[in-house]
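This report concerns only the one structure given below.
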Number of protein chains: 2
Amino acid sequence: MYTIGHVARAASCKVQTIRYYEQIGLLPVAPRSEGNRRLYAQADIDRLMFIRHARELGFALDAIRDLLSLSDDPNQPCVAADAIARRQLDEVERRIARLGSLKTELMRMIDQCRGGRISDCRVIEVLSNHAHCMADDHRPTEAKP
Amino acid sequence: MYTIGHVARAASCKVQTIRYYEQIGLLPVAPRSEGNRRLYAQADIDRLMFIRHARELGFALDAIRDLLSLSDDPNQPCVAADAIARRQLDEVERRIARLGSLKTELMRMIDQCRGGRISDCRVIEVLSNHAHCMADDHRPTEAKP
DNA sequence: CTTGCTTCTACAGCTACTGTAGATGTTATA
DNA sequence: TATAACATCTACAGTAGCTGTAGAAGCAAG
């Protein structure tokens, strides 16, 4: 069993964040020691690391809850799990595509820098461009309410 | 010239968000019409779309400010621009790598779903695993303060 | 046993928005 | 041209997701 400080270091997050996740139900309520300290197992560390990575990738806590439910309830009917997985996969692919465009542009800039000055930075163009945007709600065919 | 509502629809964001970005200096102070309405040009829309995409990809406003400075000041010495671009490129690559792992796992789950039930979901394992984590601050060799 | 670190609860503060109220501008329809 | 419907304005409060701080209590080392 690990203390909250150990868990926080393992997942590179703040102690308060762990308590916050417990409070909102993303992490299970931790059992306590004699002296009232929270105690964690390796599975809790894994779960927390998953949450932190997903957060760093820009997923909302609700989306993460969604993903966690896949492993929390491995016997749920496939229709539900499949829907969740597909929904998240779409999102992941959109993100990879946009990051790819940004990466290309950043590499081009770094490469160009060898010449002395960056006179035609297209960093905005790259990520504002519809052609590079895979998100449904940004495509000209659809308008949001 | 476009109204704020038009710009908000073009970038799929809220009108208030645009005013907020102006307030914190991410967007230039918009010129006003006779009737005191903000007026925007295409360049403003592009800039806003860049910001929104970057935000969706999980970049903090400070990092976005960083990236925007690359195109705001195209004649700045290459040393500075290169540092910014490299810093952001590293981050982008880390994100792509982690999203790639998540994508693989989601695809595996969707594929497996054809069999009926998901009995061995490894979605947590994938994103909590150190082997898949490219971030310096998560590698066992280093500990954060 | 006391110095120093960790953890506890509780709550205030921060970032990045998002919503609401009430006033005013603008436009479509009668 | 009047008036209803909608967009925009300012100002400020509220939300999500943390992050910091205060003050008390637990615990380990010297």
Side-chain angles (χ1 to χ4, degrees), chain A residues 1-41 44-45 47-68 127 137 143-145, chain B residues 1-41 44-45 47-68 137-138 143-145:
Chain A
M1 288 304 218
Y2 306 101
T3 61
I4 198 168
H6 175 91
V7 173
R9 275 186 300 279
S12 347
C13 82
K14 302 293 166 75
V15 163
Q16 296 100 301
T17 306
I18 298 175
R19 292 197 280 246
Y20 172 70
Y21 287 161
E22 177 182 307
Q23 201 183 306
I24 62 168
L26 264 192
L27 289 178
V29 173
R32 302 296 182 106
S33 71
E34 293 252 306
N36 199 34
R37 271 79 213 278
R38 289 174 179 81
L39 296 173
Y40 297 93
D44 297 309
I45 298 179
R47 191 181 178 93
L48 177 59
M49 283 171 63
F50 170 81
I51 297 169
R52 294 311 304 162
H53 283 160
R55 285 294 296 140
E56 278 169 36
L57 294 173
F59 288 97
L61 291 186
D62 279 354
I64 294 169
R65 232 182 268 272
D66 220 28
L67 282 163
L68 285 171
L127 265 198
D137 55 2
K144 264 197 167 173
Chain B
M1 288 304 220
Y2 306 101
T3 62
I4 199 169
H6 175 90
V7 173
R9 275 186 301 279
S12 347
C13 83
K14 301 293 167 73
V15 163
Q16 296 99 303
T17 306
I18 299 175
R19 293 197 278 247
Y20 172 71
Y21 287 160
E22 178 182 308
Q23 201 183 306
I24 63 169
L26 264 193
L27 290 178
V29 173
R32 303 295 182 106
S33 70
E34 293 252 306
N36 198 34
R37 271 81 213 277
R38 288 173 180 83
L39 295 173
Y40 298 94
D44 298 308
I45 298 179
R47 191 182 178 92
L48 176 59
M49 283 170 64
F50 170 81
I51 297 170
R52 293 311 303 160
H53 284 160
R55 285 293 298 138
E56 279 168 35
L57 294 172
F59 288 95
L61 290 187
D62 277 353
I64 294 169
R65 232 183 267 272
D66 220 29
L67 283 164
L68 285 171
D137 56 2
H138 288 191
K144 262 197 167 172

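Convention: sequence-line order gives letters A, B, ...; per-chain numbering from 1.
Going from atom CG of A:Asp62 over to atom P of D:dT15 covers 15 Å, rounded to whole Å.
In this structure, the side chain to side chain contact (heavy atoms under 4.5 Å, CB included) partners of B:Arg19, at least two apart in sequence or on a different chain, are B:Ile4, B:Val15, B:Gln16, B:Arg38. Evaluation of the ring-ring contact (aromatic ring centres under 6.0 Å, His included) rule for A:Tyr21 yields no partner, not counting sequence neighbours. Not a single ring-ring contact (aromatic ring centres under 6.0 Å, His included) links A:Tyr40 to another residue, sequence neighbours left out.
In this structure, CD1 in B:Ile18 is found 9.5 Å from CZ in B:Arg52, a value given to the nearest 0.5 Å. Here B:Leu26 contributes atom CG and B:Ile64 contributes atom CD1; the two are 7.0 Å apart, rounded to the nearest 0.5 Å. Here CG of B:Leu48 is found 8.5 Å from OG1 of B:Thr17. Values are rounded to the nearest 0.5 Å. The distance from the SG atom of A:Cys13 to the CE atom of A:Met49 is 10.5 Å, given to the nearest 0.5 Å.
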Look for any protein N or O under 3.5 Å of an N or O in nucleotides 25-27 of chain D and output each such pair with its distance, or none.
residue	atom	partner	partner atom	Å
D:dG26	O4'	A:Arg37	NH2	3.4

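Between A:Arg37 and A:Thr3 there is no side-chain heavy-atom pair separated by less than 4.5 Å. Looking at B:Ser33 and B:Met1, their side chains never come closer than 4.5 Å, going by heavy atoms from C-beta outward.
Contacts between residues 13-27 of chain B and DNA chain D, defined by a heavy-atom separation below 4.0 Å, involve B:Arg19, listed by number.
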Would you please test A:Leu27 and A:Asp44 for side chain to side chain contact (heavy atoms under 4.5 Å, CB included) and show each step?
CA-CA 7 Å; A:Leu27 289 178; A:Asp44 297 309; 5.5 Å; no

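Interface limits on DNA chain C: the 5'-most and 3'-most nucleotides within less than 4.0 Å of chain A heavy atoms are C:dT6 to C:dT9.
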